[in-house]
Novice: 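I am attaching a structure below and will ask some questions about it afterwards.
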Amino acid sequence: MQVRRGVRLAELTTLAVGGPIERLVEVSSAEELVAAVREADEAGAPLLLLGGGSNVVAPDEGWPGDVVLVRSQGIERDGDRLTVQAGHDWDDLVAFAVENRLAGVEALSGIPGSTGATPIQNVGAYGQEVAQTITAVRVYDRAEKTERVLAPAECGFAYRDSRLKRDPARFVVLEVTFGLRAGAGSMPITYAELARTLGVEIGEPAPLADVRDAVLRLRRGKGMVWDAADPDSRSAGSFFTNPILPADATVEGCPSWPAGEGRVKLSAAWLVQHAGFGRGTRDGRVGTSSKHSLALTTEDGATTAELLAFAGRVVATVEEKFGVALEREPTAVQP
Ligand SMILES: Cc1cc2nc3c(=O)[nH]c(=O)nc-3n(C[C@H](O)[C@H](O)[C@H](O)COP(=O)(O)OP(=O)(O)OC[C@H]3O[C@@H](n4cnc5c(N)ncnc54)[C@H](O)[C@@H]3O)c2cc1C
């Protein structure tokens, strides 16, 4: 366990905003993670868990307590099951699965951050989400002060959401188990843009490595692979979720997809763009990415206040123009 002082949240988050941390505790195993959380809870210190910092909007005031940086590593294989430590880099796990001919997470290539954070918002992209393959999540339950294993049904997974996200002060993810499918072919491709890129029909599989390559290519073109050299990736990925509404609430011209019984999912990117915030709309040191209207990006010296004010203007304009309330995807963490 390594303790540092004087580090800024901006140094640990992909949006590169956020003030000084009172005490930064870096842990490299599940045991150290539990010990660090227990210590903070016993001391009554505000606690923030951080993996890759790619889905948080961090406060300008900084963190007046403990930030626990989760850096536990390791993948354990048992047949087609992989049990992965929370701090393990997500894309490294996807690469491992593809190299070892295990299907189920290939369309989630190139998503930044840690494996332990993937169940929090049920990470998803290009037709896959982790809820499809997670078989168990080992957690430390801060309310019960004990370790336990959550079955998928107990995780309350939904679109970019879970029980863990809804109750952020309770569960610390220690490791995640994925049940994958052995073979060289991917799961059936369900996302039209990916199927087109691969030259397959919707519902057909493709070679695992081809799917990974195609997804990485598509994502890079949208600034959706984190890269210090790409200012368009200085973001938290999509800043807003696609709104899910009653099926009769469609907006003319806006792409939409069925979202279960009597519900429809609208394209947040379209709504943002048609509200006047197309790609590359800047307001001082914040704005939309030049490659994707749904990603908000920052420049050197930007503040969280500026970012949230810009996001607020986007939400208000979309509401005014289309009567649709956008919701933020990353968590604006507060002590
Ligand atoms: C360029 C870019 C592209 C992206 N594309 C996608 C995408 O396609 N799909 C998608 O779903 N997301 C995407 N994201 C968002 C983000 O990468 C994912 O949500 C990722 O899972 C976050 O992982 P992290 O380790 O960085 O989490 P962090 O940002 O460190 O944390 C996120 C939240 O989880 C909590 N948390 C972290 N670790 C733990 C733990 N061990 N136990 C309990 N709580 C924990 C934190 O306290 C925080 O509330 C993108 C982000 C960027 C920057």
Side-chain angles (χ1 to χ4, degrees), residues 9 12-16 18 27 30 32-34 36-37 46-58 63 66-72 84-91 93-94 105 107-131 137-142 150 155 157 159-176 191 215-216 218-220 222-228 230-242 289 291-292 294-298 328-335:
L9 281 161
L12 301 173
T13 55
T14 53
L15 273 165
V27 298
E32 284 187 5
L33 175 51
V34 173
V37 170
L47 170 68
L48 172 64
L49 296 162
L50 218 50
S54 63
N55 211 31
V56 290
V57 180
W63 197 265
D66 288 6
V67 171
V68 174
L69 197 55
V70 185
R71 292 290 182 261
S72 46
V84 188
Q85 293 302 305
H88 201 100
D89 180 71
W90 170 255
D91 194 51
L93 167 66
V94 176
V105 290
L108 302 174
S109 292
I111 297 178
S114 63
T115 303
T118 60
I120 308 289
Q121 72 154 1
N122 179 20
V123 156
Y126 294 96
Q128 276 179 357
E129 54 183 24
V130 290
V137 181
R138 193 157 74 84
V139 295
Y140 172 70
D141 181 338
R142 292 169 68 195
L150 299 179
C155 293
F157 288 127
Y159 165 64
R160 284 314 82 78
D161 196 24
S162 75
R163 178 182 175 198
L164 294 90
K165 186 170 179 176
R166 291 189 290 272
D167 197 357
R170 180 151 183 199
F171 299 108
V172 179
V173 176
L174 304 177
E175 59 182 36
V176 187
Y191 197 85
V215 168
L216 286 173
L218 286 170
R219 293 186 67 96
R220 281 203 186 95
K222 298 174 187 173
M224 285 293 183
V225 174
W226 195 83
D227 177 351
D230 179 2
D232 282 319
S233 73
R234 189 164 155 171
S235 74
S238 302
F239 202 85
F240 303 104
T241 52
N242 291 321
S289 148
K291 299 194 184 87
H292 201 308
L294 207 45
L296 303 192
T297 61
T298 65
R328 192 178 52 230
E329 185 182 302
T331 307
V333 290
Q334 285 297 330

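Read the numbers this way: they start at 1 and go in the same order the structure lists the ligands and their atoms. When a residue number appears, it is its place in the shown sequence, counting from 1.
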Novice: E129: heavy atom below 4.0 Å from ligand 1, yes or no?
Specialist: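 It does not; every heavy atom stays at 4.0 Å or beyond.
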Novice: Taking all non-hydrogen atoms of both residues into account, name the closest pair between P119 and S162 and its distance.
Specialist: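 Scanning both residues, the minimum pair turns out to be O-OG, 3.2 Å.
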Novice: State whether the shortest distance between N or O atoms of S54 and N or O atoms of ligand 1 falls below 3.5 angstrom.
Specialist: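 S54 vs ligand 1: N/O contact under 3.5 Å present.
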Novice: Report the part of V173 in contact with ligand 1, treating N, CA, C, O as backbone and CB onward as side chain, heavy atoms under 4.0 Å; options are side chain, backbone, both, neither.
Specialist: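 Contact part for V173 vs ligand 1: both backbone and side chain.
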Novice: Got a donor-acceptor contact below 3.5 angstrom from the S289 side chain to the K291 backbone?
Specialist: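 Pair found, side chain donor or acceptor close to backbone of K291.
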Novice: Nearest 0.5 Å please: distance from the OG1 atom of T115 over to the CG atom of D89.
Specialist: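 So the gap between those two atoms works out to 7.0 Å.
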Novice: Which option, T13, L48, L49, T331, owns the non-hydrogen atom nearest atom 36 (N) of ligand 1?
Specialist: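 It is L49 whose heavy atom sits nearest to atom 36 (N) of ligand 1.
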Novice: Starting from atom 24 (P) of ligand 1, find the nearest protein heavy-atom neighbour and note its residue, name and distance.
Specialist: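 Of every protein heavy atom, G52 N, 3.4 Å lies nearest to atom 24 (P) of ligand 1.
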Novice: By ring-ring contact (aromatic ring centres under 6.0 Å, His included), which residues pair with F239, not counting sequence neighbours?
Specialist: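 F239 satisfies ring-ring contact (aromatic ring centres under 6.0 Å, His included) with no residue once adjacent residues are dropped.
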Novice: Could you tell me the separation between the CG atom of L150 and the CZ atom of R163, rounded to the nearest 0.5 Å?
Specialist: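 CZ of R163 is found 6.0 Å from CG of L150.
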Novice: Counting each atom of ligand 1 from 1 as listed, which ones have a heavy atom of V172 under 4.0 Å away?
Specialist: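 Listed by number with element, the hits are 42 (N), 43 (C).
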Novice: Report yes or no: does P112 have a heavy atom closer than 4.0 Å to ligand 1?
Specialist: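 Yes, P112 has heavy atoms under 4.0 Å from ligand 1.
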Novice: Compare every heavy atom of I120 with every heavy atom of G116, then report the nearest pair and how far apart it is.
Specialist: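 G116 and I120 have their closest heavy atoms at O-CG1, 4.0 Å.
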Novice: Just to be sure I'm reading this right: ignoring hydrogens, which of V123, V56, D89 gets closest to atom 31 (O) of ligand 1? Compare them by their nearest heavy atoms.
Specialist: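 Checking each option, the heavy atom nearest atom 31 (O) of ligand 1 is found in V56.
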Novice: Can you tell me the protein heavy atom closest to atom 23 (O) of ligand 1 and the distance?
Specialist: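 I find the closest protein heavy atom is A117 CB, 3.2 Å.
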Novice: With side chains defined as the heavy atoms from C-beta onward, is the minimum distance between L33 and V172 less than 4.5 Å?
Specialist: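 Counting from C-beta outward, L33 and V172 do come under 4.5 Å.
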Novice: Measure the CG-CZ distance between L108 and R219 for me, rounded to the nearest 0.5 Å.
Specialist: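 It comes to 8.5 Å.
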Novice: Just to confirm my output: which protein heavy-atom neighbour is closest to atom 19 (O) of ligand 1, and how far is it?
Specialist: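 Protein heavy atom with the smallest distance to atom 19 (O) of ligand 1: Q121 NE2, 3.0 Å.
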Novice: If you look at every heavy atom in A125 and I111, which pair is closest and at what distance?
Specialist: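 Taking every non-hydrogen atom into account, CB-CD1, 4.1 Å.
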Novice: Atom 28 (P) of ligand 1: which protein heavy atom is closest, and how many Å away?
Specialist: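 Minimum-distance protein heavy atom for atom 28 (P) of ligand 1 reads G53 N, 3.6 Å.
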Novice: Do any nitrogen or oxygen atoms of S114 come within less than 3.5 Å of a nitrogen or oxygen of ligand 1?
Specialist: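 Min N/O separation from ligand 1 is below 3.5 Å for S114.
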Novice: So which of L164, N55, D161 actually passes side chain to side chain contact (heavy atoms under 4.5 Å, CB included) with Q121?
Specialist: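 When L164, N55, D161 are each tested with Q121, the side chain to side chain contact (heavy atoms under 4.5 Å, CB included) holds only for N55.
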Novice: Hey, is F171 one of the residues with a heavy atom under 4.0 angstrom from ligand 1?
Specialist: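 Contact check F171 vs ligand 1: positive.
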Novice: Output the list of atoms in ligand 1 that are nearer than 4.0 Å to some heavy atom of G113, sorted by atom number.
Specialist: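 With G113 as reference, the close atoms of ligand 1 come out as 23 (O), 24 (P), 25 (O), 26 (O).
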Novice: Tell me the contacting part of K165 for ligand 1: side chain, backbone, both, or neither, using a 4.0 Å heavy-atom threshold, strictly below.
Specialist: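 The answer is neither; K165 stays 4.0 Å or more away.
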Novice: Does a donor on one side chain sit under 3.5 Å from an acceptor on the other, for T298 and R234?
Specialist: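 Looking only at side-chain atoms, R234 and T298 do form a donor-acceptor pair, the distance falling under 3.5 Å.
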Novice: Can you tell me which residue and heavy atom of the protein come closest to atom 30 (O) of ligand 1, and the distance to 0.1 Å?
Specialist: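 Atom 30 (O) of ligand 1 sits closest to the protein heavy atom G51 N, 2.7 Å.
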Novice: Go through ligand 1 atom by atom and flag the ones less than 4.0 Å from a non-hydrogen atom of T14.
Specialist: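 The atoms of ligand 1 under 4.0 Å from a heavy atom of T14 are 53 (C).
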Novice: Going by the order shown, which atoms of ligand 1 are within less than 4.0 Å of some heavy atom of L50?
Specialist: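 Result: 30 (O).
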Novice: Out of G124, G237, S235, A125, indicate the one that has the non-hydrogen atom closest to atom 9 (N) of ligand 1.
Specialist: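 Among G124, G237, S235, A125, the closest heavy atom to atom 9 (N) of ligand 1 belongs to G124.
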Novice: At under 4.0 Å between heavy atoms, is it the side chain or the backbone of A236 that contacts ligand 1, or both, or neither?
Specialist: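 Near ligand 1, A236 shows its backbone, while the atoms from C-beta on stay back.
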Novice: From F240 CZ over to L294 CG, what is the distance, rounded to the nearest 0.5 angstrom?
Specialist: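 It is 7.5 Å, given to the nearest 0.5 Å.
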Novice: Just verifying a value: how many Å separate M224 CE and L218 CG, rounded to the nearest 0.5 Å?
Specialist: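 These two atoms lie 12.0 Å from each other.
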Novice: Considering only heavy atoms of R160, which atoms of ligand 1 have at least one such atom less than 4.0 Å away?
Specialist: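 What qualifies from ligand 1 is 11 (O).
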Novice: So if I count the atoms of ligand 1 from 1 in the order they appear, which ones are less than 4.0 Å from some heavy atom of I120?
Specialist: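 So the atoms of ligand 1 that pass are 34 (O), 43 (C), 44 (N), 45 (C).
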Novice: What atoms in ligand 1 come closer than 4.0 Å to a heavy atom of I111?
Specialist: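 Counting atoms of ligand 1 from 1, those under 4.0 Å from I111 are 6 (C), 7 (C), 8 (O), 9 (N), 13 (C), 17 (O).
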Novice: For ligand 1, which is the ligand I care about here, please tell me if R219 has any N or O atom under 3.5 Å from one of the ligand's N or O atoms.
Specialist: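 Yes, there is a polar N/O contact under 3.5 Å.
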Novice: Who are the side-chain contact (heavy atoms from CB on, under 4.5 Å) partners of S114, not counting sequence neighbours?
Specialist: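 S114: side-chain contact (heavy atoms from CB on, under 4.5 Å) contacts with A117.
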Novice: Is it the case that ligand 1 has an N or O less than 3.5 angstrom from some N or O of N55?
Specialist: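 So ligand 1 has an N or O lying under 3.5 Å from an N or O of N55.
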Novice: Once you round to the nearest 0.5 Å, how far does CH2 of W63 lie from CG of L48?
Specialist: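 One gets 4.5 Å once the value is rounded to the nearest 0.5 Å.
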